Amino acid sequence: AKQHKVSQIFNRSGSITAPSEISSFEPRSNDENPRSPSSTTPQTVEPPTGNSPVPGLRLGALVGSSNPFATNPPVRERIDQAYVGLDILDSVERSLKQTEQVQIAEIRKIKKVADRKVKKLASILSKQGVKLPSQDAIGGPLIELKGGVDLSQSISALDASLTMLDKMRSAANSFPHGSPSPGARISSRYGSRKDPITGRSAVHSGLDFGARRGTPVHAPATGIITKAGRKGGYGKLIEIDHGDGITTRYAHLSKIRVKVGQRISKGMVVGNVGSTGRSTGPHLHYEVRRGGRAMYPLTFVRLEKSLRPYL
């Protein structure tokens, strides 16, 4: 077959003009029609659309762009869009900063309340001879909240204050305070009195609360049951060890609801009022002892009023 000589030209619109003349053409098979005269008329090829390539067409190399038909926004418009994006970022950052400052302010308030309660509890308990928890026992020195601190520092400082408050509350709840028979009247006080059975002067080592048989008896502090059964003139007796040498006794019970070795919490019902043992009628005999020595119980009962606001 003879070689074809094809000339290609561009028209003014940027389209491609098909071959204008052909010096010779290849022989065709018998079943094909010969080229008609109109086939030599120049044909226009439309520019490609999208990313579909046209074999042999390299317009990008001619105009200096990979896609000469793409329309890019003006430079000024792109700069304006960038500035709008920066403004949005600045606004978000300012909003986050304001939220953080609000959170820090709230944390400061909570920490201030916690620190005040710790101080009050420490003052009340120390006057009763209670061994107070130290800061070293809960994980480190006090972290003061000052200007310039970030949110994480504020949270750490608050955590230290709340941990200390929990320790103080635990110490307070382990120390007997409040009445073991709320609402019951005191029928006999601590100290010297006329014995109700013999009529002679005697020492009363506790408080008597007049109450109906079956009235619930509550533990005034957390502790461990060390006695639960009959004991001479006490009748049915419960003794609770609250730690640090402090114990409480509950006598003349009609029913015991705990067992020796059981750990109990403040306010838990441990028994019921009765008249067992050396007794003239239903009542609760309540004692507080330190190191085995009877203490003035009314001091511990009244302590409830002082401690309640901080627990």
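What you see is a predicted model; the values in this text were computed from it and never measured. As a basis for the values below, the full set of heavy atoms in this structure was taken, side chains included, without hydrogen atoms, waters or symmetry mates.
In this structure, the separation between CZ on R230 and CG on L237 is 11.0 Å, given to the nearest 0.5 Å. Here CG of N173 is found 13.0 Å from CE of M168. Values are rounded to the nearest 0.5 Å. Taking NE2 of H285 as the reference point, atom OG of S187 lies at 11.0 Å (rounded to 0.5 Å). How far CD1 of I264 is from OG1 of T222: 6.5 Å, rounded to the nearest 0.5 Å. Atoms OG and CD1, from S179 and I186 in turn, are 7.5 Å apart once rounded to the nearest 0.5 Å. Taking CZ from R249 and OG1 from T226, the interatomic distance works out to 8.5 Å, rounded to the nearest 0.5 Å.
Criterion: ILVMFWY side-chain heavy atoms under 4.5 Å apart, direct or through other members. Under it, M268 and L311 are part of a common hydrophobic cluster. Cluster annotation: I224 and V258 are assigned to distinct hydrophobic clusters (Ile/Leu/Val/Met/Phe/Trp/Tyr, side-chain heavy-atom contacts under 4.5 Å, transitive). One hydrophobic cluster, built from ILVMFWY side chains closer than 4.5 Å, cannot hold both V269 and V260; they sit in different ones. Each of I110 and V113 belongs to its own hydrophobic cluster when Ile, Leu, Val, Met, Phe, Trp and Tyr are linked at side-chain heavy-atom distances under 4.5 angstrom. Residue Y234 is not grouped with residue I256 when hydrophobic side chains (ILVMFWY) are merged at heavy-atom distances under 4.5 angstrom, including chains of intermediate members.
Side-chain contact check for S181 versus Y250: every heavy-atom pair is 4.5 Å or farther apart. Contact annotation: the side chain of S254 never approaches that of K236 to less than 4.5 Å [non-hydrogen atoms, C-beta and beyond]. Side chains of N272 and R257 form a contact here, defined as non-hydrogen atoms less than 4.5 Å apart. Q128 has its side chain within reach of T299: a pair of non-hydrogen atoms, C-beta onward, lies under 4.5 Å apart.
A distance-only check finds no donor-acceptor pair linking the side chain of S170 to the backbone of D166 [under 3.5 Å]. Remark: side-chain polar atoms of S123 are not paired, donor with acceptor, to backbone N or O of K120 under 3.5 angstrom.
Across R116 and Y310, no two heavy atoms sit closer than the pair NH1-CE2, 4.1 Å. Shown here for I238 and L253, the closest heavy-atom pair between the two residues is CD1-CD1, 3.5 Å. In plain terms, the two heavy atoms of I124 and S306 that are nearest each other are CD1-O, 3.5 Å. In plain terms, the two heavy atoms of H252 and H283 that are nearest each other are CD2-NE2, 3.2 Å. In plain terms, the two heavy atoms of G210 and A184 that are nearest each other are O-CB, 3.6 Å. Across all their heavy atoms, A211 and V273 have their closest contact at O-CG1, 3.8 Å.
Side-chain N/O atoms of T247 and E239 include no donor and acceptor closer than 3.5 Å.
The aromatic rings of F209 and Y286 are tilted relative to each other, their planes meeting at an angle between 30° and 60°.
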Open item on the list: As a quick check of understanding, evaluate side-chain contact (heavy atoms from CB on, under 4.5 Å) for V118 and S161, giving each step before the final call.
Closed with: CA-CA 8 Å; V118 167; S161 294; over 6 Å; no

TODO: Mind running side-chain contact (heavy atoms from CB on, under 4.5 Å) on F175 and I246 for me, showing each step along the way?
DONE: CA-CA 8 Å; F175 191 75; I246 303 292; 4.3 Å; yes

- [ ] Please report the C-alpha distance between L121 and L165 in whole Å, then the side-chain angles of each, then the deciding distance to 0.1 Å, and finally whether the side-chain contact (heavy atoms from CB on, under 4.5 Å) criterion is met.
- [x] CA-CA 9 Å; L121 286 172; L165 179 57; 4.1 Å; yes

TODO: Evaluate the criterion salt bridge (charged side-chain N to carboxylate O under 4.0 Å, His left out) for residue pair K111 and D115; output intermediate values, then yes/no.
DONE: CA-CA 6 Å; K111 182 181 184 301; D115 290 342; 2.7 Å; yes

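When each of R289, H242, E287 is checked for a side chain to side chain donor-acceptor pair (under 3.5 Å) with T248, only H242 meets the rule.
Residue R193 places its CZ atom among more than 12 non-hydrogen atoms of other residues, nucleotides or ligands, all under 6.0 Å distant. Surrounding NZ of K117 are more than 12 heavy atoms belonging to other residues, nucleotides or ligands, all under 6.0 Å away.
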